[in-house]
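Note that ligands are numbered from 1 as they come in the structure, with each ligand's atoms numbered from 1 the same way. Note that the structure is predicted; figures quoted are calculated from it, not measured.
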Amino acid sequence: MAGFRAGSPDQESFLDELLGHGLLIASGVPGLFGHGERFDAVLTAVDRLIARTTAVDQAERLRFPPVLARHDLETNNFLASFPHLAGTIFSFDGADADAIELAGRARRHEDWSEFQGITDLVLAPAACYPAYPAIAARGPLPPSGVTLDLGAGWVFRHEPSGDPARLQSFRMWEMVRMAKPDTVTRWRDEWRDRAVAVLRSVGLDAGVDVATDPFFGRAGRMLAANQRQQELKFEVLVQIAGPEPTAVASFNYHQEHFSGAYGIQMASGETAHTACIGFGMERVTLALLRTHGLDTGQWPDAVCDHLWP
Ligand code: ATP
Ligand code: ZN
């Protein structure tokens with residue numbers, strides 16, 4: 001399978017346990033799972049915990065579908081950095097004879113891709129992407145900028161893997177700040193510290209590190225080195241299934257990347273800067289299950305008090 005990354009023995013056995021206990025439901029494709037009732041109960045509690053935490057920001061609440069205008073993905077240059085992760089929506093637009101041929105090949109599980117044409121839609125690879133063109137369309141930002149709460153949006157990334165924490169379809173709770181540079185970086189750093197505190201409050205051994213995005217190819221290695229050197233991305237990491245700890249939340253300073261692409265300006269005429277923070281909903285859920293055990297009835301009272309107040 002293209003791009004498949006095998007899981008470590010620890011990851012494979014944790015996945016088997018999650019499937020065996022009905023927490024995850026297999027689809028036959030790596031990185032694509034249904035959620036059993038008990039998994040969903042924890043994820044819903046995580047969702048509410050994050051919602052209570054984000055209330056301090058009094059952010060504007062916006063919600064977007066898991067599908068994005070292809071034009072917007074093209075504008076922000078995602079395909080230059082992450083062509084390997086993108087999911088593009090293709091659909092059929094042919095004649096009767098083609099439809100019959102397509103259906104026959106599909107039934108036999110043969111290649112029917114020649115009957116598919118690109119549409120105006122792509123799958124959202126990050127929950128914050130629809131926010132930038134939406135805010136740009138309003139005109140210049142107010143002097144204090146904007147703060148957005150995007151909730152737990154579904155995203156797609158083509159990274160099939162045997163690690164239950166590396167999914168192809170998952171939810172990411174994102175907040176976005178658009179303002180002057182120092183306002184944006186201060187907000188991002190406050191959120192990084194707040195995220196560590198909230199994850200520790202539910203018993204997770206959370207630590208922070210500078211991080212890079214998985215940029216594609218040789219040019220990508222230079223982008224990653226630059227990103228690390230400028231400390232544009234931090235991650236909060238928790239040990240889920242070995243060998244390395246897993247990023248459960250990310251804190252990204254984009255500088256003028258999105259605001260330049262879409263034309264987001266301050267009232268004074270300068271280009272705004274932007275930052276986003278994202279919690280991986282399934283990863284936080286998995287970290288809790290790994291740390292406290294698969295039976296939520298046995299979790300420590302202090303953890304339950306924070307999750308189910
Ligand atoms: P940007 O908007 O700059 O692309 P982002 O913050 O939206 O960045 P990431 O930092 O890549 O996107 O991801 C945010 C969070 O989503 C990560 O901290 C992680 O918890 C979760 N995540 C990322 N990839 C996966 C995956 N394949 N499976 C499950 N969760 C993931
Ligand atoms: Zn984002």
Expected output: side-chain Asp295 to main-chain Gly297 donor-acceptor under 3.5 Å: yes

Side chain of Thr44, backbone of Ala41: donor and acceptor closer than 3.5 Å? no

Does a side-chain heavy-atom distance below 4.5 Å link Gln255 with Gln230? yes

When the ring planes of Phe156 and His158 are compared, do they come out parallel, tilted or perpendicular, using 30° and 60° as the limits? parallel

Kindly state whether the ring of Phe78 and the ring of Tyr129 have centres lying under 6.0 angstrom apart. yes

Looking at Phe216, I'd like to know if its CZ atom is crowded, meaning that more than 12 non-hydrogen atoms belonging to other residues, nucleotides or ligands lie closer than 6.0 Å. no

Listing residue and atom name, which protein N/O/S atoms are closer to the Zn ion (ligand 2) than 2.8 Å? Cys128 SG, Glu174 OE1, Cys276 SG

Less than 4.5 Å apart, side chain to side chain, heavy atoms only: is that true for Val176 and Cys276? yes

Any Leu288 side-chain heavy atom under 4.5 Å of Leu307 side chain: yes

Check ligand 1 against the protein and report each N/O to N/O distance under 3.5 Å, formatted as atom name, atom name, distance.
{"unit_1": "ligand 1", "atom_1": "6 (O)", "unit_2": "Asn252", "atom_2": "ND2", "d": "2.5"}
{"unit_1": "ligand 1", "atom_1": "7 (O)", "unit_2": "Glu174", "atom_2": "OE2", "d": "2.9"}
{"unit_1": "ligand 1", "atom_1": "8 (O)", "unit_2": "Asn252", "atom_2": "ND2", "d": "3.1"}
{"unit_1": "ligand 1", "atom_1": "10 (O)", "unit_2": "Lys233", "atom_2": "NZ", "d": "2.6"}
{"unit_1": "ligand 1", "atom_1": "10 (O)", "unit_2": "Ser250", "atom_2": "OG", "d": "2.8"}
{"unit_1": "ligand 1", "atom_1": "11 (O)", "unit_2": "Arg157", "atom_2": "NH1", "d": "2.7"}
{"unit_1": "ligand 1", "atom_1": "11 (O)", "unit_2": "Arg157", "atom_2": "NH2", "d": "3.2"}
{"unit_1": "ligand 1", "atom_1": "12 (O)", "unit_2": "Arg157", "atom_2": "NH2", "d": "3.1"}
{"unit_1": "ligand 1", "atom_1": "18 (O)", "unit_2": "Ala249", "atom_2": "N", "d": "3.4"}
{"unit_1": "ligand 1", "atom_1": "18 (O)", "unit_2": "Ser250", "atom_2": "N", "d": "3.4"}
{"unit_1": "ligand 1", "atom_1": "18 (O)", "unit_2": "Ser250", "atom_2": "OG", "d": "2.6"}
{"unit_1": "ligand 1", "atom_1": "20 (O)", "unit_2": "Ala247", "atom_2": "O", "d": "3.0"}
{"unit_1": "ligand 1", "atom_1": "20 (O)", "unit_2": "Val248", "atom_2": "O", "d": "3.2"}
{"unit_1": "ligand 1", "atom_1": "20 (O)", "unit_2": "Gly280", "atom_2": "N", "d": "3.4"}
{"unit_1": "ligand 1", "atom_1": "27 (N)", "unit_2": "Glu159", "atom_2": "OE2", "d": "2.7"}
{"unit_1": "ligand 1", "atom_1": "27 (N)", "unit_2": "Leu167", "atom_2": "N", "d": "3.4"}
{"unit_1": "ligand 1", "atom_1": "27 (N)", "unit_2": "Leu167", "atom_2": "O", "d": "2.9"}
{"unit_1": "ligand 1", "atom_1": "28 (N)", "unit_2": "Ala165", "atom_2": "O", "d": "3.3"}
{"unit_1": "ligand 1", "atom_1": "28 (N)", "unit_2": "Leu167", "atom_2": "N", "d": "2.8"}
{"unit_1": "ligand 1", "atom_1": "30 (N)", "unit_2": "Arg283", "atom_2": "NE", "d": "3.2"}

Any side-chain heavy-atom pair from Arg221 and Phe215 closer than 4.5 angstrom? no

